[in-house]
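Accompanying notes for the structure given below.
Being a predicted model, the structure only gives us computed values, none of them experimental.
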Amino acid sequence: MGRYHKFYPRACDLHNLPVQEVDESISVKEGQRLLQSGLLGGLLLRVNEQYMVVLSSDLTYAEESDLLNAVARRPALFISEQLAPAELFKQWMKNPSAVPVMKDASNKPTGMLEPLHVANALHAELVKIRSYFEAVLCQVNESVCGIDKQHRVVVWNPKAEELYGVKAEEILSARIEDFFSNLRVSNCMHEKKELKGHYHQPCEGTHVLINSAPVQAEDKVIGGLSVEKDITELVQLNQELTKASSQVKLLEQEIRKISGQDCAFRKLIGRSQAMQNLIAFGKKISTTDATVLLRGESGTGKELLARAIHQNSPRHMNPFIVVNCGAIPNNLFESELFGYEGGAFTGADRKGKPGMFELANGGTLFLDEIGEMPVEMQAKLLRVLQEGVFYRVGGSEPVQVNVRVLAATHRDLEAMINRRQFREDLYYRLNVVSLEIPPLRERREDIPELVHLFLQEFCRKYDKSIKKIEPAVMTSFLDYTWPGNVRELKNAVERLVVLTDGDVIDEQSLPENLRRNTYISLVTSPVSQGKLMNVAVEAEKQLILKTLQQVRGNRSEAARVLGIPRSTLYYKLRQLGIPAKG
């Protein structure tokens, strides 16, 4: 894209009026005669080693006998006729009281810009910018509110009207306090600080995540702006899902009866587009015998997807055998996969033993963590995949099998190929169809549904009756990055169910890693990217304040929780400006 600001190609295209240089000693009366002739835009005179411009309006209330230098108060801003208007306006804004005067190639003043043309150019650009601004306000899905220094509302977009039921014509120019209390936008404006993704309940029945910051012009605060994402539906869904858990269970049973095989993918929870696409593609390939490579981070549910593919396939009546390649010692790999003949090696069963491939005959073999398979075994696996034939350890008779292979890994197989840790031919044989399972942090919209699913499961398991999850807890779940993915989320919900005594899960029950998320967010926030020492001090302060809140102000208990001596805690309270009492 080119530059957005484009007035005219040259400053002189804004037109100009002649300007006449005069001596500062002439009178106001003589100046009026010159200007009222209509042939001049202004008079140029040198006063105290500086050129000044006198306009007709400057002489209106002056005494006729006064000298021009007595009324000359507008400095001249000399510009070249070839100067680009964008640069002209940039220079002009540094001294708005100055009057632009054009110079020719020999630096001789030739005229001054015609005010009407300049005003029209500025007005046209202002209208364009205003139109774009209003279009943005109408198109965004967030509520936008702006206030001035007197707390009068100056910005109120259609989404704000929809969220709060207040029309723009009612609230614009009115004080924000006349409509709302517990305001974040005014606090941020006066304290000159920013909020990012802060949970807020501006009025009863409305829940939002708010970004708020002061609005500055030339280092002066002129107002405040808030952008709010409506999560009311999410919070209400949180409550409704808990109330309707019994009906959901009955519906699931009915769906399972009606849908039959198609319910194989029901355990893959997720309304996100990524998960819906994954499930649709999984159903499509499940009816074939194609080899599938499942990729994704640990804990994303690769085995769950593999089971769904098997259960939805024509092989669903036959075995589904799981082999964790990372859990088998190298010297036992071959015998585990292909089995062995009786007496093949010391300690072997005299009758022999079938391997995983034989056990999976007619069904599906799932090779989990395929990247951990020793290189020497990879060649033998490739032969089985290509020919469907192998030999038992110590055996001489070929064994024919009909097995569909699904493989999974969280490792970078392409990099392993470059390091000669994984066979390239096996890679292409496994990678007939590849499915990438997205990590939980990339499908956060699935988190509430997963939380309630796990909550129901563990409430039944531990005979608990938990009816509500506080919005702050769900916000913490949404903010956390979940490095352990769905597995970590499930463990976190189980811990909450076990430790919660009442019927409400609140923020105090959160695991330590989620409570530390406030500290992590502080360090990683773009607002905090300043001096490392400032970030560390603020993080330490927030951690101490949070701990004091949790222990209800008990300093001794806070020191124990923080793992520091009580004397050290008191020292830090003084150092960070935290009251030692109260």
Side-chain angles (χ1 to χ4, degrees), residues 278 281-282 284-298 300-310 313 315 318-340 344 353-437:
L278 181 70
F281 195 33
K284 187 174 183 179
I285 64 170
S286 64
T287 57
T288 72
D289 267 342
T291 306
V292 181
L293 179 61
L294 306 178
R295 311 191 72 162
E297 297 176 6
S298 178
T300 51
K302 296 187 288 295
E303 182 176 338
L304 203 62
L305 178 57
R307 286 186 181 275
I309 292 173
H310 168 73
S313 74
R315 298 173 178 265
N318 295 315
F320 177 79
I321 303 298
V322 179
V323 178
N324 188 339
C325 299
I328 302 175
N330 289 359
N331 59 341
L332 296 180
F333 235 106
E334 186 174 0
S335 62
E336 287 292 317
L337 287 183
F338 306 129
Y340 55 84
K353 179 184 175 183
M356 297 298 183
F357 268 96
E358 284 184 75
L359 295 175
N361 192 25
T364 303
L365 181 67
F366 177 51
L367 299 176
D368 198 10
E369 302 299 345
I370 189 69
E372 309 299 328
M373 179 175 285
V375 177
E376 59 270 20
M377 278 300 302
Q378 295 174 19
K380 296 182 180 181
L381 174 61
L382 179 62
R383 179 180 177 84
V384 181
L385 294 177
Q386 291 176 338
E387 300 177 8
V389 175
F390 65 89
Y391 292 85
R392 283 185 171 189
V393 176
S396 57
E397 293 293 327
V399 180
Q400 188 87 27
V401 288
N402 176 18
V403 175
R404 182 186 190 179
V405 172
L406 307 178
T409 184
H410 70 278
R411 299 187 64 178
D412 187 348
L413 296 183
E414 292 80 3
M416 293 180 66
I417 291 172
N418 293 333
R419 297 194 298 268
R420 300 184 180 276
Q421 295 174 341
F422 200 87
R423 291 180 62 101
E424 187 173 10
D425 48 4
L426 177 60
Y427 169 80
Y428 290 119
R429 186 63 185 81
L430 292 172
N431 199 30
V432 176
V433 177
S434 180
L435 290 181
E436 182 81 24
I437 305 179

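Proximity of E336 to V323: side-chain heavy atoms (C-beta onward) are nowhere separated by under 4.5 Å. Side chains of Q378 and I370 form no contact here, defined as non-hydrogen atoms less than 4.5 Å apart. In this structure, the side chains of R383 and K380 stay at 4.5 Å or more apart for every pair of heavy atoms. Put simply, the side chain of V375 does not reach to within 4.5 Å of the side chain of R420, judged on heavy atoms. Put simply, the side chain of L435 reaches to within 4.5 Å of the side chain of I285, judged on heavy atoms. Contact check for L337 versus V384: no side-chain heavy atoms found under the 4.5 Å cut-off.
Residues passing the side chain to side chain contact (heavy atoms under 4.5 Å, CB included) test with R411 are E372, T409, M416, R419, Q421, sequence neighbours excluded. Shown here are the salt bridge (charged side-chain N to carboxylate O under 4.0 Å, His left out) partners of R423, two or more places apart in sequence or in another chain: D425. Applying the salt bridge (charged side-chain N to carboxylate O under 4.0 Å, His left out) criterion to E436, with sequence neighbours excluded, gives no partner residue.
Among all heavy-atom pairs drawn from P398 and V389, the shortest one is CB-CG1, 3.6 Å.
To the nearest 0.5 angstrom, S286 atom OG is 7.0 Å from R404 atom CZ. Here the CD-CZ distance, from E334 to F390, works out to 10.5 Å after rounding to the nearest 0.5 Å. Rounded to the nearest 0.5 Å, atoms CG (L305) and CD1 (I437) are 4.5 Å apart. Atom CZ of F357 and atom CG of L385 lie 5.5 Å apart (nearest 0.5 Å). A distance of 11.0 Å separates CG of N418 from CG of L413, quoted to the nearest 0.5 Å.
Residues in residues 286-296 take part in these salt bridge (Lys or Arg N to Asp or Glu O under 4.0 Å) pairs, two or more places apart or across chains: D289-R315, R295-E414. Legend: ring pair (Phe, Tyr, Trp, His ring centres under 6.0 Å) pairs involving residues 395-430, not counting sequence neighbours: none detected.
The closest donor-acceptor contact from the side chain of K302 to the backbone of A407 lies at 3.5 Å or more, if one exists at all. A donor-acceptor pair under 3.5 Å links the side-chain atoms of T300 to the main chain of E297, judged by distance alone.
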Could you pull out every donor-acceptor pair under 3.5 Å between side chains of residues 358-368 and any protein atom, sequence neighbours left out?
| residue | atom | partner | partner atom | Å |
| --- | --- | --- | --- | --- |
| E358 | OE1 | R392 | NH2 | 3.3 |
| E358 | OE2 | R392 | NE | 2.8 |
| E358 | OE2 | R392 | NH2 | 3.3 |
| N361 | OD1 | N402 | N | 2.7 |
| T364 | OG1 | H310 | ND1 | 2.8 |

Stepwise side-chain contact (heavy atoms from CB on, under 4.5 Å) test for R429 and L381: CA-CA 10 Å; R429 186 63 185 81; L381 174 61; over 6 Å; no
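For Y391 and F338, the ring centers are positioned 6.0 Å apart or more.
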